[in-house]
Amino acid sequence: MYFDSLSAALSMDGHGAYVWSAYAISLLVLVLLVRAPRRRQQMFLRQLAGEQKRRQPGLTAKPEVE
Amino acid sequence: MWSFFHKLGSPPWLFRIAGSILRWLLPVTLVALAVGLVWGLLFTAPDFRQGNSYRIIYIHVPAAVVALAGYYVMAIAGAVSLIWKMKMADVAMKACAPIGAALTFIALVTGSIWGKPTWGTWWVWDARITSMLILLFLYLGVVALYEAYDNKEAAGKACAVLSLVGMVNIPIIYKSVDWWYSLHQPASIKFTGESTIDPSMLYPLLWMIVTFYALFTCCLLMNMRAELLEREARTNWVKKLAAENRA
């Protein structure tokens, strides 16, 4: 590691606030970017499954096991 | 060869293949991202002129590079869907837009934060920065235009045209630091001639660029999968998937 201590790593000779905030904001955006499609897909499948259940409660009660 | 193209047009096949690629590519990418972030933040030496603020480069440059590359993917997919009416190309084009917008946003925000300690200002209306801002608006424009139409076929056409027209912006972004007097520094990594960056900084930077490419690919595949499901909501394979999901 380049820095001697945690406080040195946090302050980065006065540039810490800039560097850490840039990394934090980017990481936040990336996390949202990766999570969005998964959530969208799960919500869609859940909604579709709910519709199926309402339409034909008896027919699709037992899904096929693969 | 032709059977490959035929399969490429098949939504359930594409959905499944994308899923099996993501199963290993996504975890590998996320680990690589964590490694790259820690490497750039804590394990590289500071720049002799800019000090520690230069560490932002490990996000700023990869995000900007892939934001530009993503635009090629979007515009080419748009062209393919316009010319050959390939539905999957339309799906790919739509999937690119939010990823490109997020990466361009990251490039602009990190650049702005980097600018404050280095240039003494958060923002300048400089050629490179302004053309990147236009890139952000192009990406957001494609997202918004798609949502603005009820007829998705017309929406796809309009977005494809917009992304092709927007291609004009790409060489401007590349060349902006050479054509105009700019605060932004020119490229340090060159394919021809010697790079003006030390190997100890180059390796983590290349690592992050590759990681961002992989991340773009993952997000593209995930967005395409979600989009495919919604478009194919009435088909049997999606219904079956929903039934399995319920179990």
Side-chain angles (χ1 to χ4, degrees), chain A, chain B residues 26 29-30 33 37-38 40-46 50-56 58-60 63 95 98-99 101-103 105-107 109-118 212 215-216 218-230 233 238-247:
Chain A
M1 189 154 103
Y2 171 76
F3 298 99
D4 298 326
S5 63
L6 183 68
S7 59
L10 284 177
S11 75
M12 289 190 175
D13 302 324
H15 286 156
Y18 300 113
V19 175
W20 285 99
S21 64
Y23 273 69
I25 293 169
S26 306
L27 195 62
L28 180 73
V29 173
L30 291 180
V31 167
L32 292 176
L33 190 68
V34 170
R35 279 186 59 183
R38 310 191 116 195
R39 291 188 58 159
R40 177 179 162 201
Q41 186 173 322
Q42 277 168 0
M43 274 169 64
F44 173 77
L45 282 178
R46 211 170 293 154
Q47 186 195 337
L48 205 63
E51 279 171 24
Q52 283 177 353
K53 208 173 193 172
R54 257 175 278 129
R55 269 189 211 147
Q56 28 184 207
L59 276 174
T60 51
K62 284 178 198 159
E64 289 164 351
V65 180
E66 285 185 29
Chain B
L26 187 62
T29 305
L30 294 180
L33 182 68
L37 288 176
V38 174
L41 258 180
L42 300 177
F43 286 87
T44 51
Q50 298 187 9
N52 282 306
S53 66
Y54 98 98
R55 289 176 196 281
I56 294 172
Y58 299 114
I59 313 173
H60 177 74
I99 313 167
L103 291 175
F105 176 78
I106 289 176
V109 168
T110 55
S112 172
I113 296 174
W114 194 1
K116 186 60 187 166
T118 313
F212 268 64
L215 197 66
F216 178 86
C218 287
C219 291
L220 179 66
L221 291 177
M222 288 195 292
N223 280 350
M224 285 181 75
R225 267 164 66 94
E227 178 74 22
L228 279 176
L229 281 185
E230 287 172 21
V238 175
K239 282 180 186 160
K240 209 174 143 203
L241 209 66
E244 282 166 13
N245 192 56
R246 197 172 49 170

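Atoms considered below: every heavy atom in the structure, side chains included; atoms not considered: hydrogens, waters and symmetry mates. Below, read A as the first sequence line, B as the second, and so on, with proteins coming before strands; counting in each chain starts at 1.
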J.: Could you look at T44(B) and say if it's the side chain, the backbone, both or neither that has a heavy atom under 4.5 Å from chain A?
T.: backbone
J.: Less than 4.5 Å to any heavy atom of chain A: does that hold for the side chain of L41(B), its backbone, both, or neither?
T.: both
J.: What is the minimum heavy-atom distance between S53(B) and V19(A), and which atoms define it?
T.: CA-CG2, 3.8 Å
J.: Under a 4.5 Å heavy-atom cut-off, does chain A meet the side chain of V38(B), its backbone, both or neither?
T.: neither
J.: Walk me through whether L30(A) and I106(B) qualify under side chain to side chain contact (heavy atoms under 4.5 Å, CB included).
T.: CA-CA 9 Å; L30(A) 291 180; I106(B) 289 176; 3.7 Å; yes
J.: F44(A) versus chain B, heavy atoms under 4.5 Å apart: side chain, backbone, both or neither?
T.: side chain
J.: Sequence neighbours left out, what passes ring-ring contact (aromatic ring centres under 6.0 Å, His included) with Y18(A)? Give chain and number order.
T.: none
J.: Rounded to the nearest 0.5 Å, what separation is found between the CD atom of Q41(A) and the CG atom of N223(B)?
T.: 10.0 Å
J.: Heavy-atom distance under 4.5 Å to chain B: side chain of L32(A), backbone, both or neither?
T.: neither
J.: Taking side chain as everything from C-beta outward and backbone as N, CA, C, O, which of these in Y54(B) sits under 4.5 Å from a heavy atom of chain A? Side chain, backbone, both or neither.
T.: neither
J.: Rounded to the nearest 0.5 Å, what separation is found between the CD atom of E230(B) and the CE atom of M43(A)?
T.: 9.5 Å
J.: Mind listing the closest non-hydrogen atom pair of V34(A) and L26(B) along with its distance?
T.: CG1-CD1, 4.3 Å
J.: For A226(B) and P37(A), work out which heavy atoms get closest and say how close.
T.: CB-O, 3.9 Å
J.: If I compare all heavy atoms of N52(B) with all of H15(A), which pair ends up nearest, and what's the gap?
T.: N-ND1, 3.5 Å
J.: Using non-hydrogen atoms only, which part of L33(A) is less than 4.5 Å away from chain B: side chain, backbone, both, or neither?
T.: both
J.: Is there a side chain to side chain contact (heavy atoms under 4.5 Å, CB included) between I25(A) and I113(B) once you walk through the steps?
T.: CA-CA 10 Å; I25(A) 293 169; I113(B) 296 174; 3.9 Å; yes
J.: Give, as side chain, backbone, both or neither, the part of F212(B) having an atom under 4.5 angstrom from any heavy atom of chain A.
T.: side chain
J.: Are any side-chain N or O atoms of Y23(A) and backbone N or O atoms of R55(B), one a donor and one an acceptor, separated by less than 3.5 Å?
T.: yes
J.: Quick check on A233(B) against chain A: is it the side chain, the backbone, both or neither that has a heavy atom closer than 4.5 Å?
T.: both
J.: Quick one: CE on M222(B) to CZ on R40(A), what's the gap to the nearest 0.5 Å?
T.: 11.5 Å
